[in-house]
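Here is the structure we will look at, set down as structure tokens.
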Amino acid sequence: MQGMDVKDIVIVGGGTAGWMSAAGMSKLLGSKKINIRIIESESIGTVGVGEATVPHIQYFNRLLGIDENSFIKKTNATFKLGIEFVDWHKIGESYFHSFGPYGLDMEGIHFHHMWLRQQKMGTAKPIDEFNLQVQAAKAGKFMRARPELQGSPLSALSYAYQFDAALYAAFLRDFSEKNGVTRTEGKIVKVTQATNTGHIESVTLEDGECIKGDLFIDCSGFKGLLIEETLKTGYEDWSHYLPCDSAVTRLSKRMTDLPPYTRATAKTAGWQWRIPLQSRTGNGYVYSSQFLSDQDAIESLNKDLDTAPISAPRQLRFKTGIRKQPWNKNVVSIGLASGFLEPLESTSIHLIQTAIARLMTNFPDKLFNQADIDFYNESTHKEYVQVRDLLILHYKATTRHDSPFWNYVREMDIPVSLEKRIAIYKENARLYSEDKEFFNHSSWFAIFNGQSIHPQRYHPIANFLDEKEMERRMTEIHTVTQKCLSIMPSHEEFLAKQL
């Protein structure tokens, strides 16, 4: 229908979510037929989510045509092969959730079934020795994938980045403005809705400027200026499953040997992250205010820093959950305005990225078809639930008894969706992924095995392979993995060559 095309998009809020939205939409929609305007205020701070990421961010950067080496330099980034979880199952134990697969699938079933068979036979080597990314992370090594080495684990090395979120937002701002996005400095003091539809018509700034739009993207963070304060959309609270509601963050000096991974250490009432960048180290203690005071959290964070602090502690409050309608009327909330899941698996930027992709798939005209909006909201909710369940598993599968917090999460009820996954895995080690689910079977296996949830049996097809042949293949996979590790340079050496 002519005349119904969206012409003016207004993004409320900058930061990572705002500038990723501006960059993505300006690239995909172009700036000749559509106006994209972003409103942000330098006097309003940003949370700066997403210092640690997952591999899918490479797709976003490639979509924008960003050169990886340039990106690494400008954001003080390091490479990331996974996450080390320390003291989660019990104090003194640790495991890795890497971005790479374990071994090689055989006989149409996942590798871990063969490993479990070998384990029953008493001949299995440690599972980590079959995962190149875990081995490289432990050894402080890194290299990019070598696609020409087909059949080698080096042909498809999967990795992400650890970077300065503020520098990434600045990097994307430069990209977006060159791509035609208009930035307006100012605070919004008034929001005007259409009397007949309730849609947002315009926002008014402190200086009196009135900015009209057809489609509004709410990237105003936890506040949810449009999606919640104006439209009263409502929030689905998941804090009974994930009770951490606070964080204290602090920067410290650069580490001497930059590890190519993020570390998450379980503590008395939550967990502490360590994210190594080229210029400094990001640290934070995510905790539950029901079980720990703010002052105790600060003292605990300070005590466990690996390098000397270079900033004052910064306090954050949040509530885990999701907006009941991430897209309501002509407002699409993206980032923290849409929902919050603690950064245990570094999914914050990924959820921004998929929200942008989902919006592009369901991009509206001025009629704002409700069926499209409903589909967007259902898809977003499903994605959040899938990520939420993996996060809950880290807590639920603990054996820690050393504090009221761990007693709570160990004994708490969990969603039926997670109960089913655990029950299926415990029976015969079967893992499954829902349609387009972000975390695949390797991720679920890493957490199940790392948290010492062990199945009674394995897939029966694993027994169909002759025992000697299985042992030969397992030995060969192990040998190849270790050989690949031996030729990888250190993370520091690799970074130095790119800078």
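No hydrogens, no waters, no symmetry mates; every other heavy atom, side chains included, goes into these values.
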Only residue of Phe142, Phe99, Phe71 satisfying ring-ring contact (aromatic ring centres under 6.0 Å, His included) with Phe79 is Phe142

- prompt: Okay, side chain of Asn440, backbone of Ser443: is any donor-acceptor separation there less than 3.5 Å?
  reply: yes

Worksheet item: Is the shortest side-chain N to carboxylate O distance from Glu437 to Arg421 below 4.0 Å?
Response: yes

message: Please check: side-chain N/O of Lys125 versus main-chain N/O of His478, any donor-acceptor pairing under 3.5 Å?
response: no

*Modelled atom types, side-chain donor and acceptor of Thr184 and Arg37, under 3.5 Å*: yes

is_close_aromatic(Tyr285, Trp273), centroid dist under 6.0 Å
no

- Query: Between the side chains of Tyr261 and Gln133, is a donor N or O closer than 3.5 angstrom to an acceptor N or O?
  - Reply: no

Check: For His97 and Glu345, does a side-chain donor sit closer than 3.5 Å to a side-chain acceptor?
Finding: yes

| query | Do Arg317 and Ser246 get their side chains close enough for a donor-acceptor pair, meaning under 3.5 Å? | reply | yes

Worksheet entry | Note: Glu177-Arg173 ion pair, threshold 4.0 Å (strictly below) | yes

Quiz item: Without hydrogens or angle criteria, can the side chains of Thr78 and Gln162 be said to hold a donor-acceptor pair below 3.5 Å?
Solution: yes

Open item on the list: Just by distance, no angles: are the side chains of Glu383 and Thr354 close enough, under 3.5 Å, to form a donor-acceptor pair?
Closed with: yes

- Task: State plainly whether the residues Lys267 and Glu299 are in salt-bridge range, i.e. N to O under 4.0 Å.
- Result: no

- Query: Can you tell me if CG on Asp207 sees more than 12 non-hydrogen neighbours from other groups inside 6.0 Å?
  - Reply: yes

### Query
Under a 4.0 Å N-O cut-off, is there an ion pair linking Arg323 with Asp218?
no

Strictly under 6.0 Å, is that where the ring centroids of Tyr95 and His89 end up?
no

- prompt: Does a salt bridge link Asp174 with Lys74, judged by any charged N lying under 4.0 Å from a carboxylate O?
  reply: no

Practice item. Indicate whether any N or O donor in one side chain lies under 3.5 Å from an N or O acceptor in the other, for Lys80 and Ser346. Key: yes

**Report entry** Arg280/Glu51 salt bridge by N-O under 4.0 Å criterion
**Finding:** yes

